[in-house]
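Chain naming here is simple, since letters A, B, ... match the order of the sequence lines and numbering starts at 1 in each.
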There are 2 protein chains.
Amino acid sequence: MEQILPHLDSVFSIDCVLFGFDGKELKILLIERNEEPFKDWWALPGNIVGPDESLDQSASRILYELTGLRGIYMEQYYAFGDPHRHPQGRVITLAYYALIRLGGDKELRPVSNYAKQANWLPISDLPKLAFDHQKIYDKGLEKIKRRIKHQPIAFELLPEKFTLTQLQHVYELVLGKKLDKRNFRKKITSFGVLKELDEKQKGVSYRAATLYRFDKRKYAKLFGKEISF
Amino acid sequence: MEQILPHLDSVFSIDCVLFGFDGKELKILLIERNEEPFKDWWALPGNIVGPDESLDQSASRILYELTGLRGIYMEQYYAFGDPHRHPQGRVITLAYYALIRLGGDKELRPVSNYAKQANWLPISDLPKLAFDHQKIYDKGLEKIKRRIKHQPIAFELLPEKFTLTQLQHVYELVLGKKLDKRNFRKKITSFGVLKELDEKQKGVSYRAATLYRFDKRKYAKLFGKEISF
DNA sequence: ATTACTTAGTGTAAAAATTACACACTATAT
DNA sequence: ATATAGTGTGTAATTTTTACACTAAGTAAT
């Protein structure tokens, strides 16, 4: 904010907690570093913010480079700026989370040189993370726990057409607790943002469930009214 | 996150929305700039983050320099990083809000050179703000609106001993709507975090109300259980 | 001491939301 | 035809939320 901007040896980066759901588990995308510091450690994907990039753009770019995906729901949630969080200098990092529906195995692209590999790992069994990335992850999970109670973000983790059981499963994974089936259905349908389709689940070896779709239009109309779980 | 940190011409700053409550109105502290760009405009107080300062420290310092106050509740809530938000270069700013009980007029110190004056202005009648500070303020207000519903932050705006009417007043100002007196009292006391004192309000020309105190101990015990307004 | 004024403090009934809980149905696979 | 696995549904009890109005207490002015 000073008139003449002092030149400080400072860098900002973005680190992303990419949450993915494959129908069974909640996972995050981690990369195995190929460079010091923390060579061979697992870390959150991140990068330096380019000089003409907005923060959101930068986050989208990181995601795109690793997964080839665009148009994914991302949200900035905190800045981590401990002076010593990076051993090689002052790096303030802005944390983003993303919510991604995983289907097949096409959500990974060849990694760039600073990583040996990238992998979706289940959050129930994460390795030790480089830098302060555990803290960043923890806060990210906390954020989506809070947010899923009030905003329709669960749908971002599901395919466009989904069953109520799948939806419930997402809530249970994120909130970390079991929910009652009947009560869940009563509540989620009472919001009036689900459109029941004339279509059934396919490829299951038991009674197929009805498919639903999230109705963005109806949701937009609700604006102002809080959803609450 | 790269091994060799590239040297980018980048700066991070902190901007603060200091909310103050004087018993009547909700105000924020603004400074009138004395330098280009935006000379003579009102702006949120802010500063560059020092090289060895943590973000929280930096925010506390800004607050201290303007008000002489320490130990104030502050919270980082968003990073604003549009490449063109600052006309003189890339400045990513981290926004903090603070909640301050105003009493008397001692919450202002002589301003430093980059400001002509600093002043507490009621949020009901704010001037045009420099840079993207209107956006920063808007998001800050939105954040405390959300937070006051779930966390005991209203007490930060009140003196240690307060009446239930004063507390209700704070909620009404932050939420921007009237609340029912009986329902408010029922709810706020049901949380069990208020300690009723053996003491009455003083200096009023009508029936004095009972004073209460926020009981941090009891609140700590509630941990996990969500308060909800 | 009377009166006028101003805010404090209190209860209830109706409506709405939440919780706890179990079984019959349907599609598939063998 | 039978076994299997998940779908889909209702109700009663409890809790929470909402709407609503008057008396009590203290101060100030006369």
Side-chain angles (χ1 to χ4, degrees), chain A residues 21-25 148-150 154 158-159 161-173 175-213 222 224-229, chain B residues 21-25 148-150 154 158-159 161-173 175-213 222 224-229:
Chain A
F21 180 62
D22 60 6
K24 297 224 170 92
E25 283 179 302
I148 204 173
K149 290 188 180 172
H150 303 291
L158 289 167
K161 300 170 181 182
F162 52 85
T163 69
L164 294 182
T165 301
Q166 287 166 351
L167 183 58
Q168 182 178 344
H169 194 183
V170 168
Y171 272 90
E172 289 180 340
L173 281 172
L175 296 176
K177 65 177 181 195
K178 284 254 169 262
L179 301 171
D180 177 84
K181 181 155 75 160
R182 277 177 293 193
N183 294 339
F184 177 81
R185 286 168 179 237
K186 209 182 310 173
K187 187 150 203 178
I188 203 87
T189 53
S190 78
F191 295 142
V193 298
L194 291 184
K195 187 180 170 68
E196 184 175 348
L197 302 178
D198 234 359
E199 219 176 321
K200 302 275 172 187
Q201 202 177 16
K202 277 185 183 150
V204 289
S205 69
Y206 46 80
R207 175 181 181 185
T210 303
L211 291 170
Y212 288 77
R213 177 199 305 257
L222 282 185
K225 287 174 203 161
E226 285 248 318
I227 279 180
S228 210
F229 244 87
Chain B
F21 180 64
D22 61 4
K24 296 224 170 92
E25 282 179 301
I148 204 172
K149 289 187 183 175
H150 303 289
L158 290 167
K161 300 171 182 180
F162 52 84
T163 69
L164 294 182
T165 301
Q166 287 165 350
L167 183 58
Q168 181 178 346
H169 195 184
V170 168
Y171 273 90
E172 290 180 338
L173 282 173
L175 296 177
K177 66 178 181 195
K178 283 256 170 261
L179 301 172
D180 178 84
K181 180 157 76 161
R182 275 177 292 189
N183 293 339
F184 177 82
R185 285 167 180 236
K186 211 183 307 176
K187 186 151 205 178
I188 204 86
T189 52
S190 77
F191 295 141
V193 299
L194 292 183
K195 188 181 169 69
E196 184 174 349
L197 301 177
D198 234 0
E199 218 174 320
K200 302 276 174 187
Q201 203 177 15
K202 278 187 182 149
V204 288
S205 70
Y206 46 80
R207 176 181 179 183
T210 302
L211 291 170
Y212 288 77
R213 177 198 306 255
L222 282 186
K225 287 175 203 161
E226 283 248 317
I227 279 180
S228 209
F229 244 87

### Query
Which parts of residues 175-187 of chain B get close to DNA chain C, meaning a heavy atom less than 4.0 angstrom away?
B:Lys181, B:Arg182, B:Arg185, B:Lys186

## Note on the structure
Residues in residues 202-212 of chain B with a heavy atom under 4.0 Å of DNA chain C, by number, are B:Tyr206, B:Arg207, B:Ala209, B:Thr210

Closest non-hydrogen atom pair between [X] and [Y], with its separation:
X	Y	result
A:Lys24	A:Leu173	O-CD1, 3.5 Å
A:Lys161	A:Glu199	NZ-OE1, 3.0 Å
B:Thr165	B:Arg185	OG1-NH2, 3.3 Å
B:Arg213	B:Leu197	NE-CD2, 3.8 Å

### Residue-phosphate contact under 4.0 Å: B:Thr165 side-chain N/O, C:dT7 OP1/OP2
no

### Task
Provide, to the nearest angstrom, the distance between the CD1 atom belonging to B:Ile188 and the C1' atom belonging to C:dT10.
17 Å

### Query
Under 3.5 Å, is there a donor-acceptor pair between the side chain of B:Lys202 and the main chain of B:Ala208?
no

### Query
Start at the 5' end of DNA chain D and walk down; is the nucleotide closest to B:Ser228 or to A:Thr163 reached first?
A:Thr163

## Note on the structure
Outermost contacting nts on DNA chain D, any atom under 4.0 Å from chain A heavy atoms, listed 5' then 3', are D:dA5 to D:dT11

Enter the distance from [X]:[atom1] to [Y]:[atom2] here, rounded to the nearest 0.5 Å.
X	Y	atom1	atom2	result
B:His169	B:Lys178	NE2	NZ	6.5 Å
B:Leu167	B:Ile188	CG	CD1	5.0 Å
B:Lys149	B:Ser228	NZ	OG	8.5 Å

### Message
Assess the residue pair B:Gln168 and B:Asp180 against the criterion (side-chain contact (heavy atoms from CB on, under 4.5 Å)); give the C-alpha distance rounded to whole Å, side-chain angles, the decisive distance to 0.1 Å, and a yes or no.
### Response
CA-CA 9 Å; B:Gln168 181 178 346; B:Asp180 178 84; over 6 Å; no

### Task
Kindly write out the residues that satisfy ring-ring contact (aromatic ring centres under 6.0 Å, His included) with B:Phe229, not counting sequence neighbours, or none if the list is empty.
B:Tyr171, B:Phe184

#### Entry: Qualifying residues under salt bridge (charged side-chain N to carboxylate O under 4.0 Å, His left out), relative to A:Glu196, sequence neighbours excluded
none

### Message
Would you say A:Lys200 and A:Thr210 are linked by a side-chain donor-acceptor pair, where the criterion is simply a distance under 3.5 Å?
### Response
yes

Within the sub-3.5 Å range, which N or O atoms of nucleotides 1-3 of chain C have a protein N or O partner, and how far apart are they?
none

### Task
Could you walk me through whether B:Gln166 and B:Val170 pass the side-chain contact (heavy atoms from CB on, under 4.5 Å) test, one step at a time?
CA-CA 6 Å; B:Gln166 287 165 350; B:Val170 168; 6.0 Å; no

